[in-house]
Amino acid sequence: MDRTSQISEKPPLIDQFGRHITYLRLSVTDRCDLRCVYCMKARPEFLPKSELLTLEELTVLCDAFIARGVTKIRLTGGEPLVRKDVITLIENLGARIGKAGLKELCLTTNATQLPKYAERLASAGLRRLNVSLDSLDPDVFSRLTRGGKLDQTLDGIAAAKATGLHIKINAVALKGANDAHLPDLIHWAHGQGHDVSLIEVMPMGDIGVDRSVQFVSLLDLRREFERQWTLTDLPDNTGGPSAYVRVEETGGRLGFISPLTGNFCAGCNRVRLTCTGQLFMCLGKNGSVDLRGAIRDGGFEAVDALLDQAMAHKPLQHDFDVSPGAKPSVARDMARTGG
Ligand code: SAM
Ligand code: SF4
């Protein structure tokens, strides 16, 4: 049942700094079929399945956010497409697009399951997919994902393209690992008609690496690109943190997501919900509220009341630190919070 129609004229979600929260990122699982070296440990301890919210509970929580003015929902994880029956959730949420205020449903995926799901995703109303791909070199890809197969991801991307889904390739820039080859990746992606966003590595999770070893400044990378390409700033804003340029030589769009060198917190419009119902107001901070308790004990109205409390706790900004020896900003890794 779509509960958003039961609620009329609920006030929008506005935090203590006047930022309107219109974007929900929902991690549907912390599990994944890859083990990217910047994201999680080689042997992560995944949450017991018994702690997860059901797909029906996740749908009700999404309805609570939509009723309070959320217009965009992104499903992420872990790898969202490895959760059993996740397509049911996607189809249910897709049915809400254009009704009750939801404008867009998106997905971030590593693409391994897209040959199986691409058509149903497109039919469910998805228009845009973010696909993570850090290298086009099979050996580098395998090293960075700890055993992933490049062909599987490329097949997934091709399957999504065939359905007409718009694709953005996300690549985390990693010092000495893929940074030198990013121009090749961008060339290929633009040739395929895909946008690209580069991401600065964030110190999320105690995953046993010193982030200063991995970190590459996108400011520096941009300067290097400008030696070979003409980059024209674009006003495009897709509601996310990417600052876009057009690469004149390829004709494609390139985004820079620079949480370290270009803090974008002033324009933050999002919150993140984990698969266990913890609502984090900031990727880089620990403050959270427990929506699982609220939905199980008090239902939709209890969740709605807790959202107001959550707004009062959204911090002004993160304070990521990737200097040598710095501790991770938060102990939970990206797959737990939802990237
Ligand atoms: N499994 C899906 C995928 O890889 O697209 C969705 C979840 S993944 C956690 C979402 C995004 O977070 C990916 O683009 C990934 O590269 C990025 N990511 C993971 N850990 C990160 C970190 N420590 N710093 C920056 N980006 C990270
Ligand atoms: Fe899995 Fe995505 Fe994390 Fe890679 S970045 S390990 S694909 S959740």
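Source: prediction; values computed, not measured. Side-chain atoms are counted along with the backbone in the values below, which use heavy atoms only and exclude waters and symmetry mates. Positions are given from 1, in the same order as the sequence printed here.
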Do I186 and W229 come within less than 4.5 Å of each other through their side chains, counting heavy atoms only?
yes

Check ion pair D15-R19 (N to O, under 4.0 angstrom):
yes

Is any side-chain N of the basic residue among R31 and E79 closer than 4.0 Å to the acidic one's carboxylate O?
no

Ignoring hydrogens and geometry, is there a side-chain-to-backbone donor-acceptor pair from T109 to A111 under 3.5 Å?
yes

Is the backbone N or O of V172 less than 3.5 Å from a side-chain atom of N178, with the two atoms forming a donor-acceptor pair by type?
yes

Has K168 got a side-chain atom pairing as donor or acceptor with N130's backbone, closer than 3.5 angstrom?
no

Examine distances only and state if a side-chain atom of R96 and a backbone atom of N92 form a donor-acceptor pair shorter than 3.5 Å.
yes

Hey, does the Lys NZ or Arg CZ of R336 hover above the aromatic six-ring of F46, less than 6.0 Å from the centre and inside 45° of the axis?
no

Using a strict cut-off of less than 4.0 Å between a Lys/Arg side-chain nitrogen and an Asp/Glu carboxylate oxygen, indicate whether D85 and R120 qualify as a salt bridge.
no

Side-chain donor/acceptor of T163 to backbone N/O of A160, under 3.5 Å:
yes

So, is the end of the R253 side chain (NZ or CZ) under 6.0 Å from the ring centre of Y244 and within 45° of the ring's axis?
yes

Any chance the side chains of D137 and S135 put a donor and an acceptor closer than 3.5 Å?
no

Between K327 and D206, does any side-chain N to carboxylate O distance fall below 4.0 Å?
no

Within the 3.5 Å criterion, strictly below it, is a donor on R332 or T337 matched to an acceptor on the partner's side chain?
yes

Kindly work out whether a path of hydrophobic side-chain contacts (I/L/V/M/F/W/Y, heavy atoms less than 4.5 Å apart) joins I169 to I257.
no

With a 3.5 Å distance limit and no angle check, can you tell me whether D179 reaches the backbone of G176 through a side-chain donor-acceptor pair?
yes

Can L273 be reached from F300 by stepping across I, L, V, M, F, W or Y side chains whose heavy atoms are under 4.5 Å apart?
yes

According to a hydrophobic-cluster definition based on side-chain heavy atoms being under 4.5 Å apart (Ile, Leu, Val, Met, Phe, Trp, Tyr only), do L144 and L150 belong together?
no

Are any of the side-chain heavy atoms of L121 and E119 separated by less than 4.5 Å?
no

Can you tell me if S142 uses its side chain to pair, donor with acceptor, with the backbone of P138 under 3.5 Å?
no

Determine, step by step, whether E57 and R292 satisfy the salt bridge (Lys or Arg N to Asp or Glu O under 4.0 Å) criterion, reporting the C-alpha distance in whole Å, the side-chain angles of both residues, the deciding distance to 0.1 Å, and the verdict.
CA-CA 8 Å; E57 285 170 329; R292 181 173 60 181; over 6 Å; no

When you measure from the side chain of E249 to the backbone N and O of T230, does any donor-acceptor pair fall under 3.5 Å?
yes

With no hydrogens and no angle check, do the side chains of R74 and T108 hold a donor and an acceptor under 3.5 Å apart?
yes

Linked hydrophobic residues, L52 as query - side chain contacts closer than 4.5 Å:
L47

Please say which of L26, L307, V289, L24 ends up in a side-chain contact (heavy atoms from CB on, under 4.5 Å) with V271.
L24

Scan T112, N110, I90, T29 and name whichever one has a side-chain contact (heavy atoms from CB on, under 4.5 Å) with L81.
I90

Is E200 reaching over with its side chain to a backbone N or O of L260, donor-acceptor style, under 3.5 angstrom?
yes

How about CD on Q317, more than 12 heavy atoms from neighbouring residues, nucleotides or ligands closer than 6.0 Å, or not?
yes

Any donor and acceptor pair, going by atom type alone, linking the side chain of R83 with main-chain N or O of G78 inside 3.5 Å?
no

What residues form a side chain to side chain contact (heavy atoms under 4.5 Å, CB included) with S212, not counting sequence neighbours?
D210, P324

For P183 and F225, the nearest pair of non-hydrogen atoms, with its separation, is CG-CE2, 3.8 Å

Do you see a donor-acceptor pair shorter than 3.5 Å between the side chains of Q192 and K161?
yes

Just checking, any donor-acceptor pair under 3.5 angstrom between side chains of S132 and N170?
no

If every non-hydrogen atom of L93 is compared with every non-hydrogen atom of C62, which pair is closest and at what distance?
CD2-CB, 3.6 Å

Determine, using the 4.5 Å side-chain heavy-atom cutoff (strictly less than), whether L174 and L182 are members of one ILVMFWY cluster.
no

Verify same cluster id: L34, Y38 (apolar side-chain graph, 4.5 Å):
no

Side chains of S329 and K285, heavy atoms from C-beta outward: is any pair under 4.5 Å?
no

Check R128 with E104, please: is the shortest side-chain N to carboxylate O separation under 4.0 Å?
yes

So, using ring-ring contact (aromatic ring centres under 6.0 Å, His included) as the criterion, who are the partners of F320 when residues are at least two apart?
H318

